[in-house]
Amino acid sequence: MRPVARIAVLLLAAVSGTLRADTTVVQEPHYGEVLFHFYLGQPFEAITRIEAGRMAGHIEIHDEESELLLGGMLLDWGQHREAARIFATLLERTRSPEVRDRAWLELARLSWQRGALAQAQTALARIGDALPRGREAERQMLEAQLLMALGQYGQASERLARWDGPADWRAYAHYNQGVALIRQGRFDEGVQTLDRLGGRTGRTPELRALADRANVALGFSLLEYGRPAEARAALERVRLHGPHASEALLGFGWAESAMGRHRESLTPWLTLRERDLLDPAVQESLLAVPHAFASLSAYGQAAEAYIDAIDTLETELGRIETAITAIRDGAMVPALLAMDDRDQLGWHWQLDALPDRLETRYLAEVIATHEFQEGLKNARDLAFVRGVLQDWAGSLGAFADMVTTQQLAWQSRAPRAEALMARSDVAGLQDRSEKLSAALIRAAAERDTLALARRDELQQLAELDEVALRLRPLDPADPEVAELAVRERVLRGVLLWQLNAEFPARHWQHTRELRDLQPVLAEMAAREARIEALREGAEARFEDQARRIAALGPRVAGLLMQVDAASVRQRTHLENLAVDSLERQASRLRSHQVQARFALARIYDRAAAGEVAATGSGASP
Amino acid sequence: MIPVFFSRRSRDEPTVTRGCRTAGGLAIVACWVMTSLAVAEEFAAIDRDVESLKQEVLALNRDLFLLEEELLFPANTQVAVFVSMDVGEFFALDAVSLRLNGREVANYLYTEREVEALLRGGVHRLYMGNVRSGDHELVAVFTGIGPHGREYRRGAELTFSKGIGPKYVELRISDVERRLQPEFVVRKWE
C-alpha cells in the first residue's frame with residue numbers, strides 16, 4: 001500500500017470538516033442520542049434518529065438545533081437540495097438571530113461546495129453578528145476562500161491577516177495568505193509569509209507537511225522570479241522523507257542548475273531518479289540528469305542517460321497500457337473500496353492510500369481530483385446504502401412474522417379481555433360514588449343524623465320502634481309497661497344523642513373516604529378506556545403494520561435495483577476518469593520520450609559533426 | 001538554459017485544487033480541476049441521481065426504523081434507559097451495568113470515543129426493552145476512575161411506574177464542584 005501524497009486539502013478541508021453540533025444543554029434524551037451518534041462519526045444513524053425522533057414527537061425542544069444539524073449532515077452527505085430546503089425553511093420560521101446566522105452560514109457553505117460563488121457571497125453577506133465564536137472563524141475563512149476563488153487576492157489576504165480562528169487553522173491561513181499575496185503581485189510580502197511558515201518545525205505531521213509544502217511553493221516561486229539561491233535555501237528545508245521530498249529534490253536541482261552549478265544539481269536529481277517512477281518529479285529527473293551531464297559537456301554519459309530514460313519510459317508506458325486494460329475490466333473500484341471501513345458512511349472520507357495493485361498504482365494523480373474523490377464517495381455511499389437495504393430486505397420477513405405472531409397472541413387473549421370488559425362496571429361505581437356524595441351534602445344541609453347511622457344503630461332504632469309499637473296498646477298505668485316505656489325513651493334518646501354527637505366526625509370521615517376513592521375510580525376508568533382502546537385498535541394496528549410491511553417490501557426491492565444501476569454508472573464514470581488520467585500520464589511519458597530522443601539525436605548529430613566525442617569525453621560529474 | 005519540461009510550470013497554470021496535487025508551484029485551495037464539459041455534465045447527472053436515490057433511501061430507512069421499534073418495543077411496554085454525562089472532571093466512566101427487577105439487562109463498556117461523545121453532550125441509549133405496566137425497580141452500577149485517580153464504583157436506583165406510554169429513564173453523571181465528587185442522578189422522562 002502506498003500513501004497518496006495529499007497536498008493542500010488545506011483550508012477547504014478544514015472548513016468543510018468543521019460541521020459540529022454547537023454546545024448545548026440537552027433537554028430531550030432522543031436529541032442527545034442523535035448527538036451521541038453524530039459525535040461518534042455515525043451520521044447515517046444520527047440522520048435516521050433525527051428524522052424518526054421528529055416524526056414520533058420525541059424532538060420538540062431542540063427543534064431548530066436538530067434542523068440545523070440535520071441540514072449540515074445532509075449537506076456533508078452530498079444531499080444539497082434537501083439541505084438547501086431545510087435551511088430555507090428554517091430561515092423563514094426562526095426568530096433566533098443565532099439560528100438565522102448559522103443557517104446563512106450553512107447555505108454559504110452549500111453554495112461554495114456547489115461552486116456557486118456569487119450565491120455563497122450573498123449568503124455570507126446576510127450573516128449578522130450572532131454566530132458563536134468558532135462559527136465566526138469559519139465564516140471568515142470561507143469568505144477568504146471565496147475571495148481567492150474569485151481572484152480577489154488583495155481582499156483575501158486582508159481577511160486572512162485579520163483572521164482569528166483556532167490555532168490549528170492558523171498555519172493554513174498563513175499558507176493561503178502567502179499564496180494570495182504572491183498572486184496579487186505582492187511578491188516580497190508573500191515570500192516573507194511563506195518563509196515564516198516554512199521555517200517552522202510543526203507540532204503535528206500535518207503541520208510539518210504544510211511547512212514542507214510552503215517551502216516547495218516558495219522555492220519554485222523564487223526560481224520563477226530568478227532568485228535561485230533563495231529558492232535553494234527554501235527547498236533545502238524540506239524533509240527528505242516527507243510527502244513533498246521529490247518535488248523539493250527536483251527544484252533543488254534546478255536551483256543549482258540555474259546558478260550554473262550543474263555538478264551539484266546532479267546530486268538531488270540522481271537521488272530522485274532512484275525513486276518511484278510514478279511521481280512526475282521522478283519522471284522529469286530522467287531527463288534532468290542527462291541535461292546536467294550535457295551541461296557539464298559529459299555527452300557520453302548524457303547519451304547513456306537519455307537511452308536509459310527512453311527504455312525506462314517505454315517499460316512504464318507498457319505498464320500503463322496493462323493498467324488501463326485492468327481498469328476497463330472493472331477491477332479498480334472494488335479494489336479502492338476494499339480499502340474502506342464501510343461500517344459508517346463518514347462524510348469526510350477521502351482515500352489517502354492506494355492499494356499496491358496494477359490497476360490502482362497509477363491513480364495518484366486522478367485520485368487527488370475533486371471529481372474523482374466525489375465520484376468515489378458516491379460509489380462508497382451507494383455500496384453503503386446497498387448494505388443497509390439488503391439488511392432491511394432480510395428483516396422485512398421477520399417483521400411480517402412478528403406481526404402474525406402478535407396478532408395470534410392477541411386473538412388468543414381477546415375472549416378473556418372481552419369477558420373482563422363485560423364484567424367491568426367502572427361507570428356504575430362512579431355513579432354510586434356521585435350519589436353518595438350528594439347524599440352526604442344533603443345530610444349535612446338537613447342535619448339528617450340518621451343518614452349517617454351505622455347498620456347496627458339503625459337496627460337498634462328499628463328494634464326500639466318495634467318495642468314502642470308493641471307498648472302502645474298496653475295499659476300505660478301498668479308499672480311494668482311504664483318502666484318499659486321509660487327504658488325505650490331513654491335508649492332512643494341515648495342513641496339519637498350519640499348519632500347527633502358523632503354526626504360531624506362521621507360526615508368528615510365519609511367525605512374523606514369518598515374523596516380518596518375518586519382517583520382510584522379515575523385510574524380504573526382510564527385503565528378500562530386504555531384496554532378498550534387497545535382492544536378496538538389491536539386489529540386495526542395489526543392490519544396497518546401488515547400493510548406497511550407489504551408496501552415497504554417493493555420499495556426496498558425497487559431501491560436496490562436503482563442503487564445497482566447507479567453503482568454501475570458511477571463505476572463506469574470513475575473508470576473513464578481513471579483511464580483519461582492514465583492516458584494523460586502516458587502522453588506525458590511519450591512527450592518525455594520525444595524530448596529524450598530529440599536530445600539524444602542532437603548529441604549524435606554533434607558527434608557526427610565532430611563537435612564532441614559521442615562517448616567517453618568531456619567532464620564527468 | 002531552462003528546459004522545456006520545467007518551463008511548463010507557468011505561474012498562471014492552475015496548480016492545486018481541493019485535494020489535488022501538483023509538482024510544486026503556488027497552490028490555491030479554491031480552484032477546481034479543469035475537466036471537459038461533457039465529463040463534467042456526466043458527473044453532474046450521476047451526482048443528481050445519486051442524491052435523489054440517497055434521499056429516498058433515507059426516507060425508507062426512517063420508515064423502517066420506526067416500524068422496527070414499533071414492533072420490537074410497542075409503546076405500551078417500551079422502556080428505555082439513557083446515560084449522559086456533564087463535565088466528567090471527578091469521574092472517568094468505564095462501564096455501566098443495569099439490573100431491571102433484579103435481572104441484569106445491560107452491561108456496557110465505554111470506549112474512549114464514546115466517553116468523549118458523552119462529554120460533548122451526547123446521550124447513549126444503554127437499554128431498550130419491554131416491561132408490563134406497574135412498578136419496576138431499576139439499579140445502575142457505574143464503574144470508572146473517581147477523584148484522586150482511584151477506582152470508583154457507585155450505584156443508583158429508581159422505582160418507576162410503567163403506564164400505557166413509553167417510559168424513558170436517564171442516568172446522569174455530573175460533577176458536584178463543592179464536594180469535588182461525581183453525582184449519579186436518575187431522572188424519569190415521560
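Most heavy-atom pairs under 4.5 Å with chain B: of the set A:Asn576, A:Leu559, A:Leu150, this distinction falls to A:Leu559. With chain B as the partner, the residue from A:Arg548, A:Met402, A:Arg49 showing the most heavy-atom pairs under 4.5 Å is A:Arg548.
Heavy atoms closer than 4.5 Å to chain B are found in both the backbone and the side chain of A:Leu40. If you measure heavy-atom distances from A:Gln283 to chain B, you find no contacts under 4.5 Å at all. With a 4.5 Å cut-off on non-hydrogen atoms, B:Ala45 touches chain A through its backbone and its side chain both. Looking at A:His80, the atoms closer than 4.5 Å to chain B (heavy atoms on both sides) sit in the backbone and in the side chain alike. With a 4.5 angstrom heavy-atom cutoff, A:Val563 touches chain B via backbone and side-chain atoms both. Both the backbone and the side chain of A:Val556 come within less than 4.5 Å of a heavy atom of chain B.
Residue-level contacts of residues 50-75 of chain B with chain A, in order of numbering, are B:Val50, B:Glu51, B:Ser52, B:Leu53, B:Lys54, B:Gln55, B:Glu56, B:Val57, B:Leu58, B:Ala59, B:Leu60, B:Asn61, B:Arg62, B:Asp63, B:Leu64, B:Phe65, B:Leu66, B:Leu67, B:Glu68, B:Glu70, B:Leu71, B:Leu72; threshold 4.5 Å between heavy atoms. Contact residues of residues 124-145 of chain B toward chain A are B:His124, B:Arg125, B:Ser133 (heavy-atom distance under 4.5 Å).
For the residue pair B:Gly121 and A:Val26, the shortest heavy atom distance occurs at O-CG2, 3.1 Å. The two residues B:Tyr168 and A:His30 make their nearest non-hydrogen contact at CZ-CE1, 3.4 Å. Listed here is the closest heavy atom pair of A:Glu33 and B:Phe82: OE1-CE2, 3.8 Å.
By the side chain to side chain contact (heavy atoms under 4.5 Å, CB included) test, B:Thr111 pairs with B:Arg113, B:Glu114, sequence neighbours left out. When the side chain to side chain contact (heavy atoms under 4.5 Å, CB included) test is applied to A:Arg54, the partners found at least two apart in sequence or on another chain are A:Ile50, A:Ile59, A:Asp63, A:Ser66, A:Glu67, A:Arg93.
To the nearest 0.5 Å, atom CD1 of residue B:Ile46 and atom CZ of residue A:Arg569 are 5.0 Å apart.
Atom CZ of A:Arg81 sits in a crowded spot, with more than 12 heavy atoms from other residues, nucleotides or ligands closer than 6.0 Å.
In this structure, B:Asp47 and A:Glu374 have side chains that are not in contact, with every pair of non-hydrogen atoms separated by 4.5 Å or more.
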